[in-house]
Asks: 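I'd like to ask some things about the structure below.
One-based numbering, in listed order, for ligands and for the atoms of each. Atom set for the values below is all heavy atoms of this structure, side chains included, hydrogens, waters and symmetry mates excluded.
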Amino acid sequence: MPFRPRYTGLIEKYRDRLPVTDDTRLISLGEGNTPLIRLNNIPKLIGKNVDIYVKYEGLNPTGSFKDRGMTMAVTKAVEEGSKAIICASTGNTSAAAAAYAARAGITAFVLIPEGKIALGKLSQAMMHGAVVIQIKGNFDVGMQLVKDVAKEAPVTIVNSINPYRLQGQKTAAFEIMEELECAPDFHCLPVGNAGNISAHWMGYKEYNDHGIVNNLPVMVGFQASGSAPFMRGEMVDNPETVATAIRIGHPQSWDKAWACQKESNGWFDECTDEEILAAQKMLAMKEGIFCEPASATSLAGAMRDIKSGKIPEGSKIVCTLTGHGLKDPDTAIKQSTSPMMTVDATMDAVKKAILDNLVH
Ligand code: F0G
């Protein structure tokens, strides 16, 4: 039987805009091509006339946007003859590195902060056969260790300091512009290491430079309050937030992200953990979209700026939802207020549970 895949991943789709040749062996899991979903209910709840779209990156093969960068980074690592990759991670990069290394038949070493990564992400790194090195320190410490060890061991770093990562990630901006037939007015993202906001800006500028669109978005980066070096204007040594994915105090793409803010006339702001969790829940309950806490930071911040008028009515806004809600079931279950009960396995008990909870 012939095999005619409908879509074979973002390198194949954007090969003219990515550093590959006809001979490059592509390491792909069909990443990219994620839905851009227009929110129906939240704009009404905010009471403002705005178009909000969410780019649901949680629907990538390992459940986060990291797959876009990882397909490129691992493809190039293999092309260059590397037999092992390494990263520090708050969870999603390690999941993606583990999966793409498995696909390529090479080894992944992942450094993660002990006890501070969401359970789904840990299960991914373990299932894909990565060597999981838990460190008694945070992401920033892990990142420094990775940089140091890569000088002495035959391993390729696949954190976003690897330039191929951002090349892959810029394709999310391409997809958005193709669907909207222009760049949005505002693009809001959660910011941790600041690679993704920088990659999106590269993508927007590339299509604008080549005349595929003739506008550029204002880039807006949101951080968790306890982990907001861009707001403090300096590195933060002990970042803390429920959004463990962005629990980062020393962003590696510091200069790139500031350039993106300046060039796009954008801004950075911070959201409290309460705001982040409220936005995560609102998206799940009012739109049927489940993202992980860090991802909801983009919407939490956007909603605040829409309400205040900083993002004006009539705007077209894209919020990136960087990772799937299933990544962090513990946080989801902890904050859920949905009715859950245990009843006898009888018709009467089930009927009563239904009648008691019917919303008229
Ligand atoms: N959202 C999620 C779900 C993430 O996993 C990350 C980063 C970000 C946002 C921030 O993106 O770093 O490009 O600014 N996670 C990395 C990791 C650090 O190790 O998985 P950024």
Asks: Please report whether ligand 1 has a polar contact with Phe65, defined as an N or O pair separated by less than 3.5 Å (distance criterion only).
Replies: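 By distance alone, the answer is no.
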Asks: Does the side chain of Lys55 come under 3.5 Å of the side chain of Thr34 through a donor N or O and an acceptor N or O?
Replies: yes
Asks: Starting from atom 13 (O) of ligand 1, which protein heavy atom do you reach first, and at what distance in Å?
Replies: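 Answer for atom 13 (O) of ligand 1: Asn196 N, 2.8 Å.
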Asks: With backbone taken as N, CA, C and O and side chain as the heavy atoms from C-beta onward, which portion of Asn159 lies under 4.0 Å from ligand 1: side chain, backbone, both, or neither?
Replies: neither
Asks: Counting distance only, does the side-chain N/O of Thr297 pair as donor-acceptor with the main-chain N or O of Cys271 below 3.5 Å?
Replies: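 Side chain of Thr297 to backbone of Cys271: no pair is present.
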Asks: For atom 12 (O) of ligand 1, find the nearest protein heavy atom and state the residue, atom name and distance (0.1 Å precision).
Replies: Asn193 N, 2.7 Å
Asks: For Ile248, counting its heavy atoms only, list the atoms of ligand 1 lying under 4.0 Å from any of them.
Replies: 18 (C)
Asks: Looking at Arg38 and Glu179, does any basic side-chain N land under 4.0 Å from a carboxylate oxygen?
Replies: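 No.
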Asks: Is Gln169 close to ligand 1, meaning an N/O of one under 3.5 Å from an N/O of the other?
Replies: no
Asks: For ligand 1, which atoms, with element, lie under 4.0 Å from some heavy atom of Asn92?
Replies: 2 (C), 3 (C), 4 (C), 5 (O), 20 (O)
Asks: Taking distance alone, with no angle check, do Ala194 and ligand 1 share an N/O pair under 3.5 Å?
Replies: yes
Asks: Can you check whether Glu292 has an N/O within less than 3.5 Å of an N/O in ligand 1?
Replies: no
Asks: Do Glu31 and Tyr100 pair up side chain to side chain, a donor and an acceptor below 3.5 Å, judged on atom types alone?
Replies: yes
Asks: With a cut-off of 4.0 Å, which atoms of ligand 1 are near a heavy atom of Ser89?
Replies: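 Heavy-atom distances to Ser89 below 4.0 Å select 17 (C), 19 (O), 20 (O).
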Asks: Looking at every non-hydrogen atom in both residues, tell me the closest pair between Glu287 and Asn41 and how far apart they are.
Replies: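 Distance-wise, the nearest heavy atoms are OE2-N, 2.7 Å.
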Asks: Check ligand 1 against Thr90 and write out every atom of the ligand that is under 4.0 Å from a heavy-atom position of the residue.
Replies: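 Close to Thr90: 15 (N), 16 (C), 17 (C), 18 (C), 19 (O), 20 (O).
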Asks: Look at atom 4 (C) of ligand 1 and find which of Ala245, Cys291, Ser94, Ala296 reaches it with the closest heavy atom.
Replies: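 Residue with the shortest heavy-atom distance to the ligand atom: Ala245.
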Asks: Take Tyr56 and His324 through the ring-ring contact (aromatic ring centres under 6.0 Å, His included) test and state the conclusion after the steps.
Replies: CA-CA 8 Å; Tyr56 196 11; His324 201 288; 5.8 Å; yes
Asks: Evaluate the side-chain proximity of Ile289 to Leu39: yes if any heavy-atom separation is below 4.5 Å, no if none is.
Replies: yes
Asks: So if I count the atoms of ligand 1 from 1 in the order they appear, which ones are less than 4.0 Å from some heavy atom of Gly195?
Replies: 13 (O), 14 (O), 21 (P)
Asks: Test of understanding: given a 4.0 Å heavy-atom threshold, classify the contact between Leu189 and ligand 1 as side chain, backbone, both, or neither.
Replies: neither
Asks: Please identify which atoms of ligand 1 are closer than 4.0 Å to at least one heavy atom of Ile246.
Replies: 8 (C), 9 (C), 10 (C)
Asks: Quick one about Arg68 and Thr171 (side-chain donor to acceptor, distance below 3.5 Å, no hydrogens or angles considered), yes or no?
Replies: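 The criterion, which ignores hydrogens and geometry beyond distance, is satisfied for Arg68 and Thr171.
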Asks: If a pair satisfies salt bridge (charged side-chain N to carboxylate O under 4.0 Å, His left out) and one of its residues is in residues 197-208, list it, with sequence neighbours excluded.
Replies: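 Pairs touching residues 197-208 that pass the test: Arg17-Glu206, Lys170-Glu206, Lys205-Glu263.
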Asks: With the 4.5 Å side-chain cut-off for hydrophobic clustering, are Ile161 and Met202 part of the same group?
Replies: no
Asks: Within the structure, is a non-hydrogen atom of Ser64 found at a distance of less than 4.0 Å from ligand 1?
Replies: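 For ligand 1, residue contact (heavy atoms, under 4.0 Å) with Ser64 is absent.
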Asks: Short list, please: which atoms of ligand 1 are under 4.0 Å from a heavy atom of Thr322?
Replies: 1 (N), 2 (C), 3 (C), 9 (C)
Asks: In chain order, what residues pass the side chain to side chain donor-acceptor pair (under 3.5 Å) check against Lys327, with sequence neighbours excluded?
Replies: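 Lys327 satisfies side chain to side chain donor-acceptor pair (under 3.5 Å) with Asn92, Gln124 only.
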Asks: Using only atom types and a distance under 3.5 Å, with no angle test, would you say the side chain of Gln167 pairs donor to acceptor with the backbone of Met72?
Replies: no
Asks: Using distance alone, decide if ligand 1 has a nitrogen or oxygen within less than 3.5 Å of any nitrogen or oxygen in Val191.
Replies: no
Asks: If you look at every heavy atom in Ala172 and His200, which pair is closest and at what distance?
Replies: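 Looks like CB-NE2, 3.4 Å.
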Asks: Using distance alone, decide if ligand 1 has a nitrogen or oxygen within less than 3.5 Å of any nitrogen or oxygen in Ser295.
Replies: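 N/O-N/O distance under 3.5 Å: no.
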Asks: Which bit of Lys66 is near ligand 1, meaning a heavy atom under 4.0 Å away: side chain, backbone, both or neither?
Replies: side chain
Asks: Do any nitrogen or oxygen atoms of Thr93 lie less than 3.5 angstrom from nitrogen or oxygen atoms of ligand 1?
Replies: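 Thr93 vs ligand 1: N/O contact under 3.5 Å present.
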